[in-house]
Structures are given as C-alpha cells and as structure tokens.
Amino acid sequence: MKRLDVAVIGGSIAGLTAACLLARSGHAVSVFERSASALTSRGAGIVTHPGLRSVLERCGSPAAARDLGVTVEGRRVLDQDGRVIAERRLPQVLAGWGRLYRLLLDALPPDRIRFGAALATVDHREDHVVAGFADGHRITADLLVGADGQFSTVRSQFLPAVTPAYAGYVAWRAVVDEAALSPTTRSAIGGHFAFCLPPGEQILGYPVSSLEDGDAARRSFNAVWYRPTQETALNALLTDTGGIRHALSIPPSRIKAEVLAAMRADAERVLAPPFTEVMLRAGQPFLQAILDIETPTMIPARGVALIGDAAFVARPHVGMGVTKAMEDAAALAEALDAAGGVVEAALAAFDGRRRAYGAAVVARGRELGAYLQAQQHGAAERAATERFRSPEAVMAGTAVPPDEILV
Ligand SMILES: Cc1cc2nc3c(=O)[nH]c(=O)nc-3n(C[C@H](O)[C@H](O)[C@H](O)COP(=O)(O)OP(=O)(O)OC[C@H]3O[C@@H](n4cnc5c(N)ncnc54)[C@H](O)[C@@H]3O)c2cc1C
C-alpha cells in the first residue's frame, strides 16, 4: 500500500469519517476545518440507518454504534385536530447530531485536525494538489478530499455551474426538551416518529437523545415543518434583524420577531395541537430553505474527490444526509485500499460506485417532496402529486434508506 498525504477540507461528519478511515489505512491525514473550534450541535436529530452504524464501527466506535440514541417502535399520523388517523410499525434509532459528531471527533487523534483553516483555492498539478488557505499558508497533498458541505469551496473551484436549486418550500426546525412538553403531547407524539399533513404542508417530529458527553438522561423532541414559500417571499423570511438578506438559511438568533410571530400564529391555526405545542415551546427555531444539489462528478479534478453534502444534497425527507456522507467516506477509503493507494484508479472506482447512488438519493428526495413543491404550481400538478401526501405514502417513504426503495 502506498502511503499518501491526504488533505481533508471540512471537519464535520463526512470529513471526520474520511479522516478516521484513511488514517486507519495508514495514510498521513490532515483535516482543515474553517470553524475556529469544535462544531456545536444545532441540536436537531438524525435518523440512523444500518449503513451509518456499520461505518461508525469501522471508525473505532463499535459500542457507541450499538447505542446511539432513542429507539421508536413506529410511526403515526395525526389529523389537524390531533386524532391518530394512521399507524405503522417501523423501529428506528434516532440520534442527536452532536453525539455522532463527538464520537467521530474522539475517534481521530487531535493533532490530525486544524481549526480556523479556511480553504480558499485548490490547484492540481501533475502528481499532487496544492491547497491555499485564507490566512495565506499553502500545503501540498497526494489527495484532497472536499468534505466542505453544501457551499463547498472545493466544488466551486472546479464545478462553478453546480449551485443549490431552491425547491419551493422551507423548513422550520424546532428542538424542545421532552420533559417540558405536556403529558398529553408526550403521549400523543413523544414516543413516535409522528406526522401531521395539513393541506399543502407537512410536519414531522421524533424524540432524540440529546446526550453528547454521556448525559443519558436528557431527551429532546425534534420537529421539522415544511411550508411552501414562493421565492419572492423568501426575502422577508431570510432578511435578518439587521437587514441583511441571507442566501438559504439564517442564523436562528437573527430571525426577525415578526417572522417568528407569524410562524407561531400559523402553527396554532394549522397544526395538530401536540405539534403546535412543540413549535410554540421552541425557544429558537431554525429556518432553512430546502434545496437540491447534484454534481456531475465526484472527482472534479486529478487527485480531488468530493464527499457528503459537497457532492449531493438531498431534501431532508430522505433522512440520508449523514449516512450518505459517512458511506461516501467509507467508499473512498475502500477504493484506496483496493487500488493499493494508486490515487487515479481509486478515484475512478469511487466515483463509479457513489455518483449514481448520490443522484438516486437526490431523486428520491425530490419525489418525497413533490407534493410540497407542487403547491407553487397549478391545480393539475397539485392533484398529480396528491398521492405523495397520503398518510401511508408519507410513513412508508420518509427517512427509509433508498436501498429498500430504489430498484
Ligand atoms: C454545526 C453543524 C450542525 C449540524 N446539525 C445537524 C442536525 O442537527 N441535524 C441534521 O440532520 N444535520 C445537521 N447538520 C448537517 C449534516 O451534518 C450534513 O448535512 C451531513 O451530515 C453531511 O455532512 P458533511 O460533512 O458533508 O457537511 P457539513 O456537515 O455541512 O460540513 C461541512 C464542513 O466543512 C466546513 N467548511 C466549509 N467550507 C470550508 C472551507 N472553505 N474550508 C474549510 N472548511 C470548510 C464547515 O465549517 C463544516 O464543518 C449539521 C451540520 C453542521 C456543520
């Protein structure tokens, strides 16, 4: 095996997983993360899938992979009055993002990650890659891994035409301490992956373990409320308290009071009472525009690979962002092992294995979100997508691994 110098850009889920696995294969890995210190959780939950747990085990966290979060036994749909109108058994483990991040960070020797290192440029030469950082320093590597998220600097250097496409709706996310919810709400939705499907909209929620450093006692309830929003109306939502217009998401503390007040009034009007309570109790809800990102290649230049959200972003209905990111990282490490460290052969094999999968996950997200997206369009298009709104279709499709859905 040839021992490679690998630079990983981005120290979040995809980057840390890649770094762990490549270091375990014997490569000299350095992670460059723009944030000045360890990332802090946005507190929300993730749905764990078998692929996530298997990659986590290979990163050196087998015990944690078996005990990641809260298990729910099934799903239920409430009508707008709060009555249960459909149920389905589907056991799943729901974890806090922050716990997974911590496990990966702990699996990597601390001297492998540099915080406060923002990549600015990438050049590829005959047999190596040169990365330039915002503070002026430069490094060379045999392989550069772009794990720098949906607004990837690495991707934009080589594929500037690939940009996020707004899907026509936004998501409000709320996280509340489960113990603070009323007993009625806890029994209605607390132990379930629960949904409510008001006309033109969708809200779902599930409990997550909020433990990050071993505090097993705390549980939160995490809700995501999808709301069709014309592109022109985004302006008002994403313009902050200081008048700055953010592109596709806004720092929660800077959402205008009137925007929050309107959202809360709508929650009382359209949501089942347990979900209304969650939205009203959330101290600082987050707001993000839903988007799709799809790259034509995951190997945009010689010696350069894109993984995770830097390559493909699927709508959250698929519940695959974290699992896909970790599996991309694992596929890259496996391809390098199989090619004995020969970069070009490994990258071709990696792209061959993961590109179609990433595109399929994005396509699945579009399908699951078709009903919400169609709200911007005419009656015919809305009617054609009505089937994606049925309680059975929503319960069967949401956050279920695509392998089980896509042929
Ligand atoms: C702080 C944080 C909290 C999150 N919380 C949740 C959550 O609660 N629930 C959920 O479902 N998803 C969450 N996500 C998103 C989720 O982690 C990703 O969608 C998914 O796991 C794919 O991860 P990724 O590593 O590809 O991308 P990301 O997680 O977006 O990570 C990209 C990383 O690259 C870094 N970066 C970007 N540009 C540069 C640059 N030029 N130079 C160096 N570094 C750069 C970013 O700072 C970031 O750490 C969160 C992401 C972050 C960063």
Side-chain angles (χ1 to χ4, degrees), residues 7-20 30-49 51-52 55-56 69 94-102 104-105 113-122 131-135 137 139 144-157 164 171 173-175 204 206 208-210 212 220 222-224 248-249 251-252 285-286 288 290-291 293 295 298 305-329 332 354 358 361-362 365 399:
V8 177
I9 309 300
S12 178
I13 304 293
L16 292 178
T17 308
C20 283
S30 303
V31 179
F32 299 90
E33 166 54 47
R34 181 173 58 189
S35 293
S37 56
L39 305 177
T40 50
S41 170
R42 290 176 203 151
I46 51 168
V47 181
T48 69
H49 301 297
L52 181 158
V55 178
L56 189 58
L94 309 160
W97 183 92
R99 169 150 163 78
L100 186 61
Y101 169 75
R102 271 283 148 200
L104 291 169
L105 193 62
I113 180 159
R114 272 199 44 197
F115 290 101
L119 180 88
T121 57
V122 190
F133 292 84
D135 63 3
H137 93 272
I139 54 125
L144 181 134
V145 181
D148 50 347
Q150 55 188 12
F151 303 114
S152 168
T153 306
V154 179
R155 187 187 69 227
S156 68
Q157 296 269 303
R173 301 186 76 138
V175 183
L204 61 83
Y206 49 81
V208 291
S209 119
S210 45
E212 287 191 17
S220 344
N222 158 79
V224 187
L248 292 161
S249 68
F286 331 136
Q288 67 186 103
I290 300 300
L291 45 93
I293 298 177
T295 46
M298 296 174 82
L306 297 173
I307 62 173
D309 281 5
F312 292 94
V313 175
R315 301 182 193 178
H317 317 290
V318 215
M320 286 296 293
V322 167
T323 302
K324 177 172 73 59
M326 293 178 72
E327 289 181 336
D328 282 349
L332 181 62
R354 292 303 290 175
V361 175
V362 174

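Counting starts at 1 for both ligands and their atoms, in listed order. Because only heavy atoms are used, hydrogens play no part in the values below, and waters and symmetry mates are left out as well, while side chains stay in.
Residue Gly45 approaches ligand 1 through these ligand atoms, each under 4.0 Å from one of its heavy atoms: 9 (N), 11 (O). Distances below 4.0 Å separate heavy atoms of Ile46 from the following atoms of ligand 1: 9 (N), 10 (C), 11 (O). Annotation for ligand 1: atoms under 4.0 Å from non-hydrogen atoms of Gly308 are 26 (O). For ligand 1, the atoms closer than 4.0 angstrom to any heavy atom of Ala147 are 32 (C), 33 (C), 34 (O). Listed by atom number, the atoms of ligand 1 under 4.0 Å from Gly149 heavy atoms are 27 (O), 30 (O), 32 (C). Using a 4.0 Å cut-off to heavy atoms of Thr153, the atoms of ligand 1 that qualify are 41 (N).
Of the heavy atoms in Ile13, both backbone and side-chain atoms come closer than 4.0 Å to ligand 1. By the criterion of a heavy-atom distance under 4.0 Å, both the backbone and the side chain of Val322 are placed next to ligand 1. Contact annotation: for Ala117 versus ligand 1, heavy atoms closer than 4.0 Å belong to the backbone alone. Residue contacts with ligand 1, taken as heavy atom pairs separated by less than 4.0 Å, involve Ile9 solely via side-chain atoms from C-beta onward. At a heavy-atom distance under 4.0 Å, only backbone atoms of Phe32 (N, CA, C or O) approach ligand 1. Contact annotation: for Leu39 versus ligand 1, heavy atoms closer than 4.0 Å belong to the side chain alone.
Pairing each heavy atom of Val208 with each of Gly45, the nearest pair is CG1-CA, 3.4 Å. What you find for Val8 and Ala147 is that their closest heavy atoms are CG1-CB, 4.2 Å. Closest approach of Gly146 and Val154 over heavy atoms only: CA-CG2, 3.8 Å. When every heavy atom of His49 is checked against every heavy atom of Gly319, the shortest pair comes out as NE2-O, 2.9 Å. In this structure, Trp97 and Ser12 approach most closely via the heavy-atom pair CZ2-OG, 3.5 Å. The minimum heavy-atom distance between Ala310 and Thr295, with the atom names listed, is O-CG2, 4.1 Å.
Panel note: side chain Lys324, backbone Phe312; a donor-acceptor pair is recorded below 3.5 Å.
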Item to check | Intermediate values then yes/no, side chain to side chain contact (heavy atoms under 4.5 Å, CB included), Phe133 and Ile9 | outcome: CA-CA 10 Å; Phe133 292 84; Ile9 309 300; 4.1 Å; yes
Next on the checklist: Test side chain to side chain contact (heavy atoms under 4.5 Å, CB included) on Leu119 and Phe32; report intermediate values, then the result.
Outcome noted: CA-CA 8 Å; Leu119 180 88; Phe32 299 90; over 6 Å; no
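Take Ser249 and apply the side chain to side chain contact (heavy atoms under 4.5 Å, CB included) test, not counting sequence neighbours, and it matches Gln288. For the side chain to side chain contact (heavy atoms under 4.5 Å, CB included) test, residues two or more places apart in sequence or in another chain that qualify with Thr48 are Leu52, Arg53, Leu68, Val93, Ala95.
Nearest residue to atom 28 (P) of ligand 1 from Ala329, Ser12, Gly96, Ala95 is Ser12 (criterion: closest heavy atom). Of the options Arg34, Arg173, Met326, the smallest heavy-atom separation from atom 38 (N) of ligand 1 is shown by Arg34. Residue nearest to atom 22 (C) of ligand 1, selected from Asp309, Asp328, Thr121: Asp309 (by heavy-atom distance). Between Leu52, Val224, Leu119, Val31, it is Leu119 that holds the heavy atom closest to atom 42 (N) of ligand 1.
Remark: ligand 1 and Trp97 share an N or O pair separated by less than 3.5 Å (distance only, no angle test). Annotation: Ala14 places an N or O atom under 3.5 Å from an N or O atom of ligand 1; distance criterion only.
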